[in-house]
Number of protein chains: 2
Amino acid sequence: MGAEGHADGTVGKALDVLDMVARHGRPLRFSDLLVQSDYPKATLYRLLQTLTHQGMLTLDPDQGTYALGVRLVRLAHAAWAQSSLAPIARPYLDELAEKTGETIHLAQMDLGQVLYVDKRNAARPVEMFAQAGKVGPAYCTGVGKAMLAWLHPDQLDQALARQSFHRHTDQTLDTPEKLMAELQAIRARGHAFDREEHEKGIICCAVPILTRSGRVLGALSVTSTTARTTLAALEEQAGLTKDIAARIAAEAESWRFPEQN
Amino acid sequence: MGAEGHADGTVGKALDVLDMVARHGRPLRFSDLLVQSDYPKATLYRLLQTLTHQGMLTLDPDQGTYALGVRLVRLAHAAWAQSSLAPIARPYLDELAEKTGETIHLAQMDLGQVLYVDKRNAARPVEMFAQAGKVGPAYCTGVGKAMLAWLHPDQLDQALARQSFHRHTDQTLDTPEKLMAELQAIRARGHAFDREEHEKGIICCAVPILTRSGRVLGALSVTSTTARTTLAALEEQAGLTKDIAARIAAEAESWRFPEQN
DNA sequence: CCGTTTGGTTCCATTATGTGAAACTTTGTC
DNA sequence: GACAAAGTTTCACATAATGGAACCAAACGG
């Protein structure tokens, strides 16, 4: 088990435990955690104590179960507020959503996975926390491929190593080779498509958000269904989407020199 | 400088650093952090490396600044989703907001401070992430006092030790003694008032959310302004608010036995 | 009732880990 | 080309994490 990475040091282990609690949606007992982790009893116990004492976990004394603590929520608030893109991008997402009438995703890269940090739903209003924070695969989503395509070679290697290449649909690019070829095409074209590679019937057109120096900040996608539109139609929005992406990038970059003299 | 608690062990220090980054809204440089923390250079450096490597922080290579990492956002998503009350309480908050027409706060206790986990604004629609996650003082807010009043003596002591008793307005209860007397009254009455103790012109009526065993899960408040209404008028909503609080508590408690046989 | 199991907590000798002063390497400045 | 500021690495040392085993408490079962 323990598909987790090389846990460096004590804090690595502690965070590993945190993830373990986070993964299962529900409060867990000590023994539940014990069987999953390959840490010995006493070690795990101490880690849990520390995390609890630090407010990262909460121990429900009635049930004897551990859940993620409130300190995380507080940190998250700060994380979201300062995680470069999300707060800056807000008005631009609104604009893009309004102009296209489609679902918009704003994503960033998280250790080879795609992390959705904001979203505009075609139908209903926002509902932030409930949807942001989700993760998805990189190799078979529009935003994922858009980011991979412009990633620094080193980081790309790392990211590729973390892809499962599970065949979600019969369109899924299920080998590194196929994906590399696709990334090449994406770079040439300037934007990425999702041709129902992740979910049957879901298509999208995605563009990267890049700094002037070419670093990948995130990606932006316009998503729809085959029932409602076609890839070709979505591609017509690519220009607008790129424009918005550029404006987000510009603002993100200019936004870096607050007080220091 | 180091107003932080007793940092137990290495993870304590690491989390301390995380908080430090979180506190300042903006990306920080190594040297910025160095002057604030009283950790020696090398130690801080290693902590930052570990946290960065773990995805809890991000090092912007262009600027050499640290910001909170995406892993945190992911964890937070889980935290919010499972932090007992917030997701359960949603529909109830909607109901309360609709029936009262006032601003509603849902809060939990976080190391002696009040953490707002959800909110309904009287005027505009939701806007979750931007508002939840905020913290405030316990001794001079309605939700804070409501929770303190029913806290277990041990925890109450801890919480009291963390209050600043800063005099925000001339109504603020600025000593532990005054506060203790007030808590007594609150227990007797069953709900807490905020008599412009935190902010001039802002009043509220708050009730605790308690388990059957009497443990404090959180608090719920109906907030308004002196311009719009009076405490007496707000108190008329206390019955309804208590009712809603009870229903939230009931659902939170029944929600605890997922799979285990 | 008393033996047994299960779930949780504490001990403590061992050693791995983290520590931090100082030295070193960049990178930027005049 | 010397100087400084910012960031990174080293290494002898001590603290802090480790985990096997013992312990405790409550639930079970006969």
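We name chains A, B, ... by the order of the sequence lines, and we start the count at 1 in each one. Quantities reported herein were computed from a predicted structural model and do not represent experimental measurements.
Contacts of A:Leu210 classified as side-chain contact (heavy atoms from CB on, under 4.5 Å), with partners at least two apart in sequence or in another chain: A:Trp150, A:Pro208, A:Val216.
Of the possible polar contacts, one joining the B:Asp32 side chain to the B:Arg29 backbone as a donor-acceptor pair under 3.5 Å is found. The backbone N or O of B:Gly112 sits less than 3.5 Å from a side-chain atom of B:Gln163, completing a donor-acceptor pair. No donor-acceptor pair under 3.5 Å is formed between the side chain of B:Ser31 and the backbone N or O of B:Leu34. A donor-acceptor distance shorter than 3.5 angstrom exists from the side chain of B:Tyr139 to the backbone of B:His166, with no hydrogens or angles considered.
As a whole-Å value, the separation of A:Leu44 CG from C:dT10 C1' is 15 Å.
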Could you encode protein contacts along nucleotides 25-30 of chain C as a string, one character per nucleotide from 5' to 3', using B for base contact, S for sugar-phosphate-only contact and - for no contact, with a heavy-atom cut-off of under 4.0 Å?
------
Going 5' to 3' along nucleotides 6-20 of chain D, which nucleotides have protein heavy atoms under 4.0 Å from the base (write B), which only from the sugar-phosphate (write S), and which from neither (write -)?
-BBB------SSBBB
Evaluate side-chain hydrogen bond (donor to acceptor under 3.5 Å, both in side chains) for A:Asp60 paired with A:Tyr66, printing each intermediate quantity in order.
CA-CA 6 Å; A:Asp60 181 334; A:Tyr66 292 91; over 6 Å; no
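No hydrogens or angles considered: nothing links the side chains of A:Gln113 and A:Arg162 as a donor-acceptor pair under 3.5 Å. In the model, A:Glu251 has a side-chain atom that pairs as donor or acceptor with a side-chain atom of A:Tyr92 under 3.5 Å.
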